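Structure first, commentary second.
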Amino acid sequence: MIIDIVVRPSTPRDDALTEQIERAADALLIDLFGAVTWPPPTPPQDRTESPGFVLVAELTDEVAAPIVVGFVHVLEIDGHAHLEQLSVLPSFGRRGIGRQLVTAALAEARRRGHTDVTLRTYTDVPWNAPFYASCGFVESEPDTALLRELVAIEESLGLFEHGPRVQMTATL
């Protein structure tokens, strides 16, 4: 019986798990798009060494040991907070875990002094832009060097080949 999801800061023991979770979540997009190529998950060392924070969602069960089922990664660069990655194991999808992670990430960003958080995502994927809109994000324009650089990175990775992408911002 599921008792609770605990959202907590990631620790080094979670590093390999976040990579596995991102790979599993990416498989949903790969299948949806019929993508022949797709960028690999962020290596755990790169994620933990980048400025910002990673929160994990841990499933607590009365019988089994807690397991990590999702994570959110927020970059903090040049005084800006950017939700870089949100991933939940597909087998635990549609249970509110992603929403809990986004809510916790926004609260942590606010606690760290940020006034807004941006992200980039696909517009036509239900668990992308429509989901983030339901979490309080609205479409916005890349108006800083960092945000324009993220668009260029997405172009170099071929992400636009699979559909339109958009920047979204949540005001804290």
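Reckoned from all heavy atoms, side chains included, excluding hydrogens, waters and symmetry mates. Quick caveat, the model's predicted, so the values are computed rather than measured.
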Nearest heavy atoms of [X] and [Y], plus distance in Å:
X	Y	answer
Ala57	Ile5	CB-CG2, 3.8 Å
Met168	Ala129	CE-O, 3.7 Å
Gly52	Arg112	O-NH1, 4.0 Å
Pro9	Asp14	O-OD2, 4.3 Å
Leu101	Val72	O-CG1, 3.7 Å
Pro130	Pro126	CB-O, 3.6 Å

Shared hydrophobic cluster for [X] and [Y] (ILVMFWY, side-chain gaps under 4.5 Å):
X	Y	result
Leu86	Phe33	no
Tyr122	Val117	no
Ile30	Val125	yes
Val102	Val69	yes
Leu157	Phe160	no

Please check if the number of heavy atoms outside [X] that lie under 6.0 Å from its [atom1] is greater than 12.
X	atom1	result
Asp78	CG	no
Glu49	CD	yes
Glu155	CD	yes

Taking atom [atom1] of [X] and atom [atom2] of [Y], what is their separation to the nearest 0.5 Å?
X	Y	atom1	atom2	result
Ile67	Leu17	CD1	CG	9.5 Å
Ile21	Asp26	CD1	CG	12.0 Å
Leu83	Leu119	CG	CG	5.5 Å
His82	Leu150	NE2	CG	4.5 Å

- Query: Is there a donor-acceptor contact under 3.5 Å from the side chain of Ser156 to the main chain of Ile153?
  - Reply: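 Confirmed, Ser156 side chain pairs with Ile153 backbone.
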- Query: Sub-3.5 Å donor-acceptor pair from the side chain of Gln167 to the main-chain atoms of Glu141, do we have one?
  - Reply: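 Answer holds: yes.
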Is any side-chain heavy atom of [X] less than 4.5 Å from a side-chain heavy atom of [Y]?
X	Y	answer
Pro164	Asp124	yes
Leu159	Arg120	no
Arg8	Val68	yes

- Step by step, work out the side chain to side chain contact (heavy atoms under 4.5 Å, CB included) result for Trp127 and Arg94. CA-CA 9 Å; Trp127 62 89; Arg94 306 205 43 86; over 6 Å; no
- Message: Tell me every residue that passes side chain to side chain donor-acceptor pair (under 3.5 Å) with Gln20, counting only those two or more places apart in sequence or in another chain.
- Response: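 Checked Gln20 against side chain to side chain donor-acceptor pair (under 3.5 Å); zero matches.
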- From Glu84, Glu22, Glu19, residue fulfilling salt bridge (Lys or Arg N to Asp or Glu O under 4.0 Å) relative to Arg47: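 By the salt bridge (Lys or Arg N to Asp or Glu O under 4.0 Å) criterion, Arg47 pairs with just one of Glu84, Glu22, Glu19: Glu22.
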- Query: With no hydrogens and no angle check, do the side chains of Ser50 and His73 hold a donor and an acceptor under 3.5 Å apart?
  - Reply: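 A donor-acceptor contact under 3.5 Å links the two side chains.
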- Message: Below 30° counts as parallel, above 60° as perpendicular, anything between as tilted: where do the rings of Phe137 and Tyr132 land?
- Response: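 If you compare the ring of Phe137 with that of Tyr132, the planes turn out perpendicular.
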- Assess whether side chain to side chain contact (heavy atoms under 4.5 Å, CB included) is satisfied between Leu172 and Leu106, documenting all intermediate values. CA-CA 7 Å; Leu172 305 178; Leu106 295 177; 3.8 Å; yes
- Evaluation steps, side chain to side chain contact (heavy atoms under 4.5 Å, CB included), between Leu29 and His162: CA-CA 9 Å; Leu29 290 171; His162 307 295; over 6 Å; no
- Item | Residues clustered with Val36, ILVMFWY side-chain links under 4.5 angstrom |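 Its cluster mates, by chain and number: none.
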- Message: Using the rule side chain to side chain donor-acceptor pair (under 3.5 Å), only one of Thr169, Thr171, Asp116, Thr118 pairs with Ser140; which is it?
- Response: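 The side chain to side chain donor-acceptor pair (under 3.5 Å) with Ser140 is passed solely by Thr169 among Thr169, Thr171, Asp116, Thr118.
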